[in-house]
Engineer: 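Before anything else, here's the structure in question.
Atoms considered below: every heavy atom in the structure, side chains included; atoms not considered: hydrogens, waters and symmetry mates. Since we're looking at a predicted model, the values are computed, not measured.
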Amino acid sequence: MRILYPQWSYEYHQFMPHSDSDASSGFLSQFSNSEDSGEHFSPSPPGYVKGRTRFVVVIGTVMSGLGKGIFASSLAKLLKDKGLSVAPVKLEGYLNIDSGTLNPYRHGEVFVLDDGLETDMDLGTYERILGQNLSRSNFMTAGQIYTEILECERRGGYLGRDVQMIPHVTGVVKMKLRELAMKGPGGKQVDVVFVEVGGTAGDYENSFYIEALRELAFEEGDGSTCFVALTYIIEPAILGEQKSKAAQLGMKRLMEAGIQPHIIACRAENPITSKIAQKISMFSNVPMKRVFSMHDRESIYVIPDAMRTEGLDREILSILELHDRVDNVAEDSARKVWASFASRLSGPRDHNITLGISGKYAALRDAYASIDKAVEHCAVDLSATVDIRWLDTSDFDTAEHASHALDGVDAIIVPGGFGMRGVEGKIHCVELARTQRIPFLGICLGFQMAVIEYARNVLGWSDANSTEFNNKTKYPVISELPDQKRLEGIMGGTMRLGAQDVALTANSLASFLCGGAKLVRERFRHRYEVDPAFIDRLEAAGLIFSGRHPKQPIMQVLELPLTSHPYFICAQFHPELTSRPLTPQPLFMGLLAAAIAQKEPSFAQTPAGRRWVRSASTANSHSA
C-alpha cells in the first residue's frame with residue numbers, strides 16, 4: 001500500500017550577497033555564514049494557536065507491554081466524559097510504514113481503521129474505550145516520518161540544508177501532532193491530545209519522539225503538557241515484597257532525556273505500598289499525591305472509574321489548567337451510562353456457555369484481541385458467562401481431531417488469518433458446526449473456509465479450494481480476481497482495506513441482526529473473493545449470499561437458511577473491529593444469543609431473545 005503524505009514546504013532564510021561588491025569579494029564566504037540561517041524549526045498548520053490544545057504524554061519505563069494504551073485511553077475517556085474533545089495518537093518506533101506486515105506473534109493483532117490504515121492493536125483499545133473512530137492521523141511510525149523527510153529532501157524541499165534529526169525529524173513529529181490537534185469537532189482545535197510513545201524510555205528507536213515532545217512542551221508554553229511515566233513495580237515471589245529499583249532506574253533514563261514527569265503511574269500485580277510510593281516520589285521529584293497505583297483489575301473497562309476514584313483526572317485538569325472547560329452535566333450523564341455497564345460487567349450472570357475459537361494464532365490471545373473484546377461486550381449485554389476455548393487448528397489433521405477438541409462447545413468462531421497453516425483444520429471446524437447445527441460465525445478467512453467446505457461436502461467438489469492455497473484446483477471457488485481489484489481501485493498485490501458498504505438482502509438473518517438495515521458499513525482486510533463463476537451453483541445448493549457489494553459481484557456475507565441451521569453466518573469483513581462496550585456488534589450478539597437459546601429454549605421468549613434469536617422474532621424467515 002502506497003502512503004501519500006502532505007507536501008509541506010520547508011523554508012529557511014538563506015544568506016545572499018547584499019551588493020555587487022560583497023559578491024565580488026566574498027562569494028565563498030556566504031556558504032560558511034550560518035548566522036542568517038535559522039536553526040529553530042517549529043512548524044504549525046494554518047490557524048493553529050499554540051497553547052490552546054493541551055498534550056498528555058504517556059511514556060513507559062522498565063519494560064514494554066505494561067498497558068500504556070489502556071492507561072492513556074482510560075484517562076482520555078475521563079476527560080471526554082467531562083465534555084472536553086480528545087484525540088489520541090500512538091507513536092511507534094519501528095521502520096515499517098504501518099502494522100500490516102507484522103506477525104501477530106510479535107506484535108498482536110493488526111487493527112484496521114475506517115480509512116484502511118493497518119495499525120497497532122492499541123488503536124482498537126482507543127476506539128473501544130472512547131467510542132470514536134480514528135484515522136491515519138492517530139498513528140505514526142518512524143518509517144512514515146523518515147519516508148516523508150527523505151521524499152521531501154529528494155524534491156529539494158529543504159533548500160540545500162543538511163537534513164538532521166534535530167530540527168527536521170523532530171519538527172515533522174511536532175507538525176503531525178499539531179495537525180492532529182486541528183481535527184477537533186467543527187474544525188476546531190481539540191482540547192487535549194493524548195500521546196502514547198511506543199516502547200520504553202531509553203530505546204534507540206523512540207528517542208527522537210521523546211526529544212520532539214520535550215521541544216513541543218517548551219514551545220507550547222507552561223501548563224501545556226503533562227508527562228506521565230508509566231512504570232512497573234516488580235514483586236518477585238522469592239522475596240515476597242515489592243521492589244522499586246527497576247522503576248527508579250527507568251525513570252532516571254526518562255529524566256536524562258530532559259523529561260520531568262508530572263505524574264507517575266505504577267503498574268503492579270497488587271496495589272503499591274506507601275513505602276514504594278514514597279521512594280518513587282522522592283526519586284522522581286513527583287509529589288506523593290501524583291503517584292498512582294495501577295494494579296491489575298478484572299477488566300480494562302473498570303480502570304476509568306478506578307482512576308476517577310483515585311483523583312487522577314482532577315490532577316490532570318489542575319496540571320493543564322482545564323477546570324474551566326469541564327461540562328459537569330455531560331460528565332454526570334456519561335458516568336451514569338458507563339457505571340451501568342461496569343456494574344453489569346462485575347455483577348452475576350444469568351447464563352453460561354462455552355465458545356470455541358478455532359484459529360492459527362490461538363497460543364497468543366493478543367492476536368485476536370478484538371474478537372475477545374467483542375465477545376466480552378456481548379456477554380455483558382446478554383448477562384452471560386462465556387468460557388472461551390482457544391483452539392489451534394494446526395493441530396486438527398482430521399475431522400475427528402476437530403470434533404474431539406470442540407466437544408461440548410455451544411458456539412464456534414473461525415477467525416481470519418493468512419497462509420496455508422491451519423487451513424484444513426478450519427475447514428473441519430466449519431463442517432462440524434454446519435452438520436451438528438452448532439451456532440457458527442466465520443470471519444474473513446473463516447468466510448472463505450465456509451465456502452470451500454460447502455463446495456466440497458455439499459456440492460461434492462472435493463478439489464474445491466482457494467487459489468491462495470492451490471492455484472491448480474479444478475474448483476477455485478475463492479480466488480484473486482483482477483477485474484474486481486480494478487473495479488475496487490485496488491492495484492498490484494495490495495489488499496482491500498478499510499470501511500466499505502455492504503448491501504443486505506431483505507428478510508435475511510444478516511438484515512435481521514442489523515435491525516432491518518438495507519446497507520451497513522464494515523471494515524475489510526482481505527485479498528481473495530468468492531469467484532463469481534461459482535455463485536449461482538453455490539446458491540442453488542442452498543447457500544445464501546445475503547450481503548454483497550452494492551455495485552459489484554463481490555460476496556460479503558453468507559448464511560444458511562433457518563430451516564437447516566439455527567445460526568450459521570459468515571462475514572468477509574471483520575465485525576469485531578467495530579464492536580464497542582456500549583454498542584456490541586450484532587453478528588456476535590446473534591451468535592451468543594443463539595448459543596444460549598440452544599441450551600435454554602425459554603431464553604428465546606425473553607426481550608433479549610426476541611431481539612437476537614431469529615426463530616423467536618420473525619415468522620417470514622429467509623429460506624433457500
Side-chain angles (χ1 to χ4, degrees), residues 58-78 108-109 120-122 124-126 128-130 194 196 198-200 228-248 250-251 261 263-281 288 290-313 315 338-339 341-349 363-377 379-380 385-388 390 581:
V58 181
I59 304 174
T61 72
V62 179
M63 59 187 287
S64 60
L66 294 179
K68 294 187 297 295
I70 296 171
F71 177 88
S73 56
S74 298
L75 190 53
K77 174 177 171 49
L78 292 183
E109 76 170 357
D120 181 273
M121 59 185 289
D122 280 336
T125 301
Y126 287 121
R128 286 186 286 269
I129 291 183
L130 292 176
F194 283 81
E196 176 194 348
T200 61
V228 180
L230 185 65
T231 192
Y232 185 57
I233 304 301
I234 61 176
E235 190 172 352
I238 194 172
L239 298 179
E241 64 176 330
Q242 294 178 336
K243 292 292 184 179
S244 65
K245 184 61 67 177
Q248 294 175 30
M251 282 182 290
I263 288 175
I264 306 294
C266 300
R267 285 286 290 113
E269 182 178 354
N270 301 302
I272 64 169
T273 64
S274 176
K275 178 182 176 181
I276 291 295
Q278 291 172 16
K279 286 186 177 181
I280 295 295
S281 173
M288 275 282 289
R290 291 179 177 169
V291 178
F292 294 89
S293 176
M294 291 289 109
H295 47 277
D296 292 351
R297 310 280 178 170
E298 62 270 26
S299 170
I300 66 171
Y301 298 124
V302 303
I303 293 176
D305 281 341
M307 287 181 167
R308 184 184 290 112
T309 301
E310 293 294 322
L312 184 53
D313 54 338
E315 291 298 329
W338 194 260
F341 170 76
S343 64
R344 287 180 287 135
L345 185 69
S346 57
R349 307 288 175 89
L364 182 69
R365 287 181 61 175
D366 276 355
Y368 302 117
S370 291
I371 291 178
D372 193 21
K373 292 304 175 187
V375 171
E376 182 179 6
H377 304 159
V380 172
T385 298
V386 181
D387 177 23
I388 299 181
W390 299 92

Engineer: Over all heavy atoms of both residues, which pair between Ser370 and Arg128 is shortest? Give the atoms and the distance, please.
Structural biologist: OG-NH1, 3.0 Å
Engineer: Let me confirm one number: the CD1-NZ distance from Ile272 to Lys279, rounded to the nearest 0.5 Å.
Structural biologist: 12.0 Å
Engineer: If the condition is side chain to side chain donor-acceptor pair (under 3.5 Å), which residues does Asp387 pass it with, not counting sequence neighbours?
Structural biologist: none
Engineer: Would Ile300 and Ile129 satisfy side chain to side chain contact (heavy atoms under 4.5 Å, CB included), going step by step from the backbone distance to the final call?
Structural biologist: CA-CA 9 Å; Ile300 66 171; Ile129 291 183; 4.3 Å; yes
Engineer: Could you give the distance from CG (Leu78) to CD1 (Ile303), rounded to the nearest 0.5 Å?
Structural biologist: 11.0 Å
Engineer: State, yes or no, whether a side-chain contact exists between Gln242 and Ile276 at a heavy-atom distance under 4.5 Å.
Structural biologist: yes
Engineer: Just jot down the side-chain contact (heavy atoms from CB on, under 4.5 Å) partners of Ala367, sequence neighbours excluded, or say none.
Structural biologist: Pro104, Tyr361
Engineer: Under the salt bridge (charged side-chain N to carboxylate O under 4.0 Å, His left out) definition, can you give me all pairs with a residue in residues 291-302, not counting sequence neighbours?
Structural biologist: Arg267-Asp296
Engineer: Do the ring planes of Trp390 and Tyr368 sit parallel (below 30°), tilted (30 to 60°) or perpendicular (above 60°)?
Structural biologist: parallel
Engineer: Restricting to salt bridge (Lys or Arg N to Asp or Glu O under 4.0 Å), what partner residues turn up for Asp366, sequence neighbours left out?
Structural biologist: none
Engineer: Would you name the heavy atoms of Ser293 and Pro271 that are closest together and state the gap between them?
Structural biologist: OG-CA, 3.4 Å
Engineer: Among all residues two or more places apart in sequence or in another chain, which pass the salt bridge (Lys or Arg N to Asp or Glu O under 4.0 Å) test with Arg365?
Structural biologist: Asp372
Engineer: Start with the C-alpha gap between Leu230 and Ile59, add the side-chain angles, then the distance that decides, and say whether side chain to side chain contact (heavy atoms under 4.5 Å, CB included) holds.
Structural biologist: CA-CA 6 Å; Leu230 185 65; Ile59 304 174; over 6 Å; no
Engineer: If you round to the nearest 0.5 Å, how far is OG of Ser281 from CE of Met288?
Structural biologist: 6.0 Å
Engineer: Return the OG to CD1 distance between Ser244 and Ile233, rounded to the nearest 0.5 Å.
Structural biologist: 6.0 Å
Engineer: Does the side chain of Arg349 come within less than 4.5 Å of Val386's, by heavy atoms?
Structural biologist: no
Engineer: For Glu310, which residues count as a side-chain contact (heavy atoms from CB on, under 4.5 Å) partner, sequence neighbours excluded?
Structural biologist: Phe292
Engineer: Where do Val302 and Ser346 land on the side chain to side chain contact (heavy atoms under 4.5 Å, CB included) test, with the steps shown first?
Structural biologist: CA-CA 9 Å; Val302 303; Ser346 57; 5.7 Å; no
Engineer: I'd like to check the side chain to side chain donor-acceptor pair (under 3.5 Å) partners of Arg344; sequence neighbours left out, ordered by chain and number.
Structural biologist: none
Engineer: Give a yes or no on whether the ring-centroid distance for Tyr301 and His377 is below 6.0 angstrom.
Structural biologist: yes
Engineer: Kindly determine whether Met251 and Ile280 satisfy side chain to side chain contact (heavy atoms under 4.5 Å, CB included), including the steps that lead there.
Structural biologist: CA-CA 9 Å; Met251 282 182 290; Ile280 295 295; 3.7 Å; yes
Engineer: Keeping Glu235 on the side-chain end and Ala268 on the backbone end, is there a donor-acceptor pair under 3.5 Å?
Structural biologist: no
Engineer: Apply side chain to side chain donor-acceptor pair (under 3.5 Å) to Thr61 and list each qualifying residue two or more places apart in sequence or on a separate chain.
Structural biologist: Thr231
Engineer: Arg308: which residues meet the salt bridge (Lys or Arg N to Asp or Glu O under 4.0 Å) condition with it, sequence neighbours left out?
Structural biologist: Asp81, Asp305
Engineer: By side chain to side chain donor-acceptor pair (under 3.5 Å), which residues pair with Glu376, not counting sequence neighbours?
Structural biologist: Ser299, Lys373
Engineer: Ignoring hydrogens, what is the shortest heavy-atom contact between Lys77 and Pro304? Give both atom names and the distance.
Structural biologist: CD-CG, 4.1 Å
Engineer: Side chains of residues 63-75: which donor-acceptor pairs under 3.5 Å do they make with residues two or more places apart or in other chains?
Structural biologist:
| residue | atom | partner | partner atom | Å |
| --- | --- | --- | --- | --- |
| Lys68 | NZ | Gly199 | O | 3.2 |
| Ser73 | OG | Gly69 | O | 2.7 |
| Ser73 | OG | Ile70 | O | 3.1 |
| Ser74 | OG | Ile70 | O | 2.7 |

Engineer: Can you sort out the partners of Lys243 under salt bridge (Lys or Arg N to Asp or Glu O under 4.0 Å), two or more places apart, ordered by chain and number?
Structural biologist: Glu241
